[in-house]
Amino acid sequence: EVDECGECGGDGSSCNEELLHFTDLPDETGVSSLVIIQDIIGLDPGDEVGLFDANGIVDSEGNTDEILVGAGVWTGDQLEIVGVESVDLSDFNGPILPGYVSGNEIFYKVWKATDDAEYNATVEYSMGSGDWGAVLTVVSMLEPIFSVTQDITLSPFTLNMTSLNVSPEDASVESVFGALELLLVK
């Protein structure tokens, strides 16, 4: 028997490819780049991948900031995502349309549905440089960064000043230094 997705013996779950998290996408501008992601480690079907430009055009005034320009739902198979390029026609009294800026780096984020959390991701390219503007970019492997460990070296019997490069979930003194034998933490 064929389910509503057209899958023989399926349960209807394979056609649920609607974005739930990465939904704030810019309107189509007519200019775009295709990013193909061949494989992903650590995601389950239904999790999402978002493509970002950290310094893209975000509004009709030409302001720049981080912008989501493409997204897709991971099904376990190759994922094709189209990124929307910005268009600036202001020199001709036309509009400025939000999107990525050609030449800027492509940034990847994932959303794990079971955690309801967003994570950064690293990628390996088999085609393209990792910058926006190429007609085609092929990612051979995408891997989310689920946790970061930072080691801190402290000298005994002296004042140690330290700065955390990563913000811990619990920044209390007890959480950060609780496993250490310390005389005084100020």
Side-chain angles (χ1 to χ4, degrees), residues 14 17-92 94-151 163-167:
S14 65
E17 295 183 22
E18 183 179 327
L19 291 169
L20 300 173
H21 183 74
F22 291 126
T23 57
D24 190 22
L25 293 161
D27 293 333
E28 293 293 326
T29 63
V31 187
S32 61
S33 291
L34 176 62
V35 176
I36 296 174
I37 302 171
Q38 295 176 320
D39 199 9
I40 298 178
I41 295 174
L43 292 189
D44 300 314
D47 293 342
E48 297 177 16
V49 176
L51 306 182
F52 290 81
D53 183 338
N55 203 30
I57 305 295
V58 296
D59 59 25
S60 62
E61 301 296 316
N63 294 310
T64 59
D65 203 349
E66 181 178 271
I67 182 171
L68 171 67
V69 296
V73 178
W74 178 244
T75 62
D77 296 320
Q78 177 173 290
L79 181 60
E80 298 91 15
I81 302 175
V82 175
V84 177
E85 184 173 350
S86 63
V87 174
D88 184 351
L89 300 173
S90 60
D91 289 344
F92 309 103
I96 299 175
L97 304 174
Y100 68 78
V101 174
S102 188
N104 287 355
E105 185 178 353
I106 304 170
F107 286 99
Y108 300 81
K109 294 183 182 183
V110 299
W111 176 70
K112 286 282 292 174
T114 55
D115 300 344
D116 191 21
E118 215 175 270
Y119 302 95
N120 292 325
T122 60
V123 296
E124 295 174 13
Y125 293 102
S126 59
M127 176 183 259
S129 65
D131 293 334
W132 285 114
V135 173
L136 176 64
T137 299
V138 179
V139 173
S140 56
M141 181 63 67
L142 181 143
E143 184 171 3
I145 303 169
F146 292 121
S147 65
V148 176
T149 301
Q150 184 173 5
D151 294 322
S163 174
L164 300 177
N165 194 21
V166 177
S167 297

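Taking both residues in full, the closest heavy atoms of Ala113 and Asp47 are given as N-OD1, 2.9 Å, listed atom of the first, atom of the second, then distance. A pairwise comparison of heavy atoms in Pro98 and Pro26 identifies O-CB, 3.8 Å as the closest pair. Closest heavy-atom contact between Phe107 and Ala54: CE1-CB, 3.5 Å.
The ring-ring contact (aromatic ring centres under 6.0 Å, His included) test applied to Phe52 returns Phe22, not counting sequence neighbours. With sequence neighbours excluded, the residues that form a side chain to side chain donor-acceptor pair (under 3.5 Å) with Ser90 are Asp88. The side chain to side chain donor-acceptor pair (under 3.5 Å) test applied to Asp44 returns Lys112, not counting sequence neighbours. Scanning for side chain to side chain contact (heavy atoms under 4.5 Å, CB included) contacts around Ile41 gives Met141, Glu143, with sequence neighbours left out. In this structure Asp115 satisfies the side chain to side chain donor-acceptor pair (under 3.5 Å) test together with Tyr119, sequence neighbours excluded. With sequence neighbours left out, the side chain to side chain contact (heavy atoms under 4.5 Å, CB included) criterion links Leu19 to Thr23, Leu25, Glu48, Ala71, Val73. The side chain to side chain contact (heavy atoms under 4.5 Å, CB included) check on Asp24 picks up nothing, with sequence neighbours excluded. Residues satisfying the side chain to side chain contact (heavy atoms under 4.5 Å, CB included) criterion with Pro45, sequence neighbours excluded, are absent altogether.
Between Ile57 and Val101, some side-chain heavy-atom pair lies under the 4.5 Å cut-off. Side chains of Leu79 and Val49 form a contact here, defined as non-hydrogen atoms less than 4.5 Å apart. Side-chain contact check for Pro144 versus Val110: some heavy-atom pair is nearer than 4.5 Å.
In this structure, CG on Leu142 lies 5.0 Å from CD1 on Ile40, to the nearest 0.5 angstrom. Atom OG1 of Thr114 sits about 9.5 Å away from atom CG of Leu43, to the nearest 0.5 Å.
Under the ring pair (Phe, Tyr, Trp, His ring centres under 6.0 Å) criterion, no residue pair touches residues 53-72, with sequence neighbours excluded. The side-chain hydrogen bond (donor to acceptor under 3.5 Å, both in side chains) analysis of residues 121-139, with sequence neighbours excluded, yields the pairs Tyr108-Tyr125. For residues 27-41, every residue pair satisfying the side-chain hydrogen bond (donor to acceptor under 3.5 Å, both in side chains) rule, not counting sequence neighbours, is listed here: Ser33-Tyr100. For residues 52-69, the set of pairs meeting the side-chain hydrogen bond (donor to acceptor under 3.5 Å, both in side chains) definition, not counting sequence neighbours, comprises Asp53-Asn104, Asn55-Thr64, Asp59-Asn63, Glu66-Lys109.
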